[in-house]
Amino acid sequence: MKKLVNDVLNVVPESLEGFARLHPTLAILDGHTTVVRADVAAFRASGKVAILSGGGAGHEPAHAGYVGQGMLTAAVSGDVFASPSTDAVHAALKAVGTPAGVLMIVKNYTGDRINFGLAAEMARAEGIPVETVVVDDDAALGSAEMTAGRRGIAGTVLVHKIAGAAAEAGMPLPEVAEKARQAVSRLSSMGVALTPCVVPAAGSANFEIGPDEIEFGLGIHGEAGVSRQVIASSRVIVGALIEKIVADKGLVSGDRVVLLVNNLGSTPTMELNIVARDTLESLADRGIAIDRAYCGTFLTAIEMAGISLSVLKSDAATLAALDAGTVAPGWLANGSTIAPPARSAARIAIPPTSKKTAEEDGTGSAPPAFLDAIRAACEALIAAEDALTAMDQKVGDGDIGRSLAQGAEQILKSLEGFAKRSPKAVLMAISEIVRRSVGGTSGPLYAAFALGAANALTDDFCASEQLSAAFENGVRSVSALGGAQEGDRTMVDALVPAVRAIRAASSAPAGLLAAAVAARRGAAATAHMAPRRGRSSYLGARVLGHVDPGAEAVAIWLAAVAGQTSAE
């Protein structure tokens, strides 16, 4: 891996710091990798609807590049290709939320939908009106009934612009949301990759591709496409993409559209212009008129060579919104500096809250064996980071190893302070730690597991009586939040067999040992399951033969817990 970075753990905050320093109209939300308008205090007094978006890093100039008057009010960033945490999104909602409300624009990925959705519920409970619009413009997946759904890709930028113009014009939240939903309904995109990309924390590409091959119909997280094809001329590739997009939205001769030609990262400008030329000709040959055409680097997959095309059926209102003024640097010449560089990035403090966290509440005494089991699970996940990363690169985006190891590291830092808290309070605190430190889908799912388990405990903890109920309630919370069932090829395929094993056992130690064995068998079985949830669902049969990394992680930490318990 050759990258101009300092520390792979600080890639995102350092990148955003540099970006904010170059653009004094932007600021960083203190304590988070979130970019907000530097004039957010004045904005809050304007009575206008705020627009919030975000997702994993690695898509620059998205999402921070679209923060500014006329587009986004704030953009929340997770780690590279990993969803931001629920707490990060909630902090952003508090920072920009006003009585006029907030519209969240979320791309259709499981982690984003879960984290943004939970944060929205938390904000509504605090009196902040929130509406959510989900972008699912990826035509490569068709109707996507048997997957996690159509992905949101580069067309999302056009939705940002249209919603931002509506909010800037002073429209109320329901109307702003409707403008965005209408745009999504008329939007279709599709991409092609010539090379993979390298996630800094992984250090290697997520997939290998031959010198004469391309990945057709890929997402934006460095994953493989829906099919692999032999490379052809730009004209042939563009023709195939446009044919799919036109069919997806039923476009016919006489229709008018907006075109966005997007660089996925390292496509030379010369080639991008050739693609734009061929796309304009392909649409014209079909009798489709182009009202606006944008070509540049709008939403990337780090340094992936390739392009995506987005087509939006247009009307007068759409064109007016796209033509409306904005100072968002990512829209203006794809990130050209619009003011002299600042000496340092401005920072905005998060509005205070009076509610105590779970780490501040709860007293008691956690049994040493309980804390030892937590330590063993964390150490096992840290040791398995590289193996889990390699597994996830084959079936997903390669982030699970670092995500889980990062959460485990943060739990270990707090473990000593847990000794004077009840197991219930410890699990509640772990839920908060994981929610804050683990990105992607894993963070909220493990946070839900810990919280669900905590809710089944009483402060007078007795392992033999409460273990089964706590574990089962935690698994139930994971399934309810993520929507996965046994057989969907997820972590649930290791958790549910473990629940059955614990139920059938005669004692807590025996139950944990049986659960570890059952989880290992459940994880192994995922290698032969068709994926129906998460990013693996986009790859279909290509994942067969590979164990689901989420299920493998469960088997790893359960084995560590069982081993610790049997050694006591």
Side-chain angles (χ1 to χ4, degrees), residues 53 55-56 58-59 61-63 66 105-109 112 133-144 147-163 180-194 214-227 234 237-251 255-265 267 272 275-276 278-280 282-283 286 288 290-301 304 306-314 318 322 330-331 334 535 538:
S53 190
H59 304 303
H63 300 83
Y66 302 113
I105 299 174
V106 181
K107 293 182 294 303
N108 191 31
Y109 294 95
D112 287 353
V133 170
V134 176
V135 183
D136 57 353
D137 56 321
D138 187 5
L141 300 173
S143 55
T147 71
R150 290 164 58 111
R151 300 168 291 204
I153 54 178
T156 307
V157 177
L158 298 175
V159 181
H160 289 166
K161 184 66 179 68
I162 290 168
R181 292 189 182 104
Q182 288 176 2
V184 173
S185 71
R186 294 181 280 112
L187 176 66
S188 187
S189 304
M190 193 166 174
V192 62
L194 282 64
I214 58 173
E215 288 286 343
F216 198 74
L218 73 159
I220 54 172
H221 295 98
E223 71 271 49
V226 297
S227 67
S234 168
I237 292 172
V238 164
L241 293 175
I242 289 298
E243 182 177 359
K244 186 76 171 179
I245 290 170
V246 166
D248 185 54
K249 287 305 171 188
L251 297 174
D255 283 339
R256 309 191 69 85
V257 300
V258 171
L259 169 67
L260 186 143
V261 179
N262 175 57
N263 180 2
L264 285 172
T267 303
L272 201 64
V275 169
D278 292 339
T279 307
L280 294 171
S282 182
L283 289 169
R286 289 170 169 81
I288 298 172
I290 301 98
D291 286 327
R292 299 288 186 278
Y294 306 98
C295 181
T297 304
F298 292 91
L299 194 150
T300 63
M304 180 176 281
I307 56 94
S308 67
L309 304 177
S310 299
V311 174
L312 172 67
K313 196 169 183 179
S314 66
T318 298
L322 293 173
W331 184 261
N334 292 311
R535 286 179 186 156
Y538 302 128

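Remember, predicted model here, so these are calculated numbers, not experimental data.
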Contact check, side chains of Leu264 and Thr300, non-hydrogen atoms, under 4.5 Å
no
Going by distance alone, is a donor N or O of one side chain under 3.5 Å from an acceptor N or O of the other, for Ser185 and Arg181?
no
Specify the closest pair of heavy atoms between Leu187 and Thr156, including all atoms of both residues, with the distance to one decimal.
CD2-N, 4.3 Å
Any Ile307 side-chain heavy atom under 4.5 Å of Leu241 side chain
yes
Is the shortest heavy-atom distance from the side chain of Leu260 to the side chain of Leu309 under 4.5 Å?
no
Taking Asn263's backbone N and O only, do any of them form a donor-acceptor pair with Thr267's side chain (distance below 3.5 Å, no angle check)?
no
Is the shortest heavy-atom distance from the side chain of His63 to the side chain of Lys107 under 4.5 Å?
yes
Main chain of Ile105, side chain of Ser53: is a donor-acceptor contact present, judged purely on distance under 3.5 Å?
yes
With side chains defined as the heavy atoms from C-beta onward, is the minimum distance between Ile245 and Ser188 less than 4.5 Å?
yes
Check: Phe298 main-chain N/O paired with Asn262 side-chain donor or acceptor under 3.5 Å
yes
Could you check if a side-chain atom of Leu322 sits within less than 4.5 angstrom of a side-chain atom of Ile162, using non-hydrogen atoms only?
yes
So do the side chains of Glu243 and Arg286 get within less than 4.5 Å of each other, counting heavy atoms only?
yes
Does anything in residues 152-163 form a salt bridge (Lys or Arg N to Asp or Glu O under 4.0 Å)? List the pairs, not counting sequence neighbours.
none
Mind checking whether Asp255 and Lys249 have side chains closer than 4.5 Å, heavy atoms only?
no
Determine the interplanar angle of the His221 and His59 rings, folded into 0 to 90°, and report it as parallel if under 30°, tilted if 30 to 60°, perpendicular if over 60°.
perpendicular
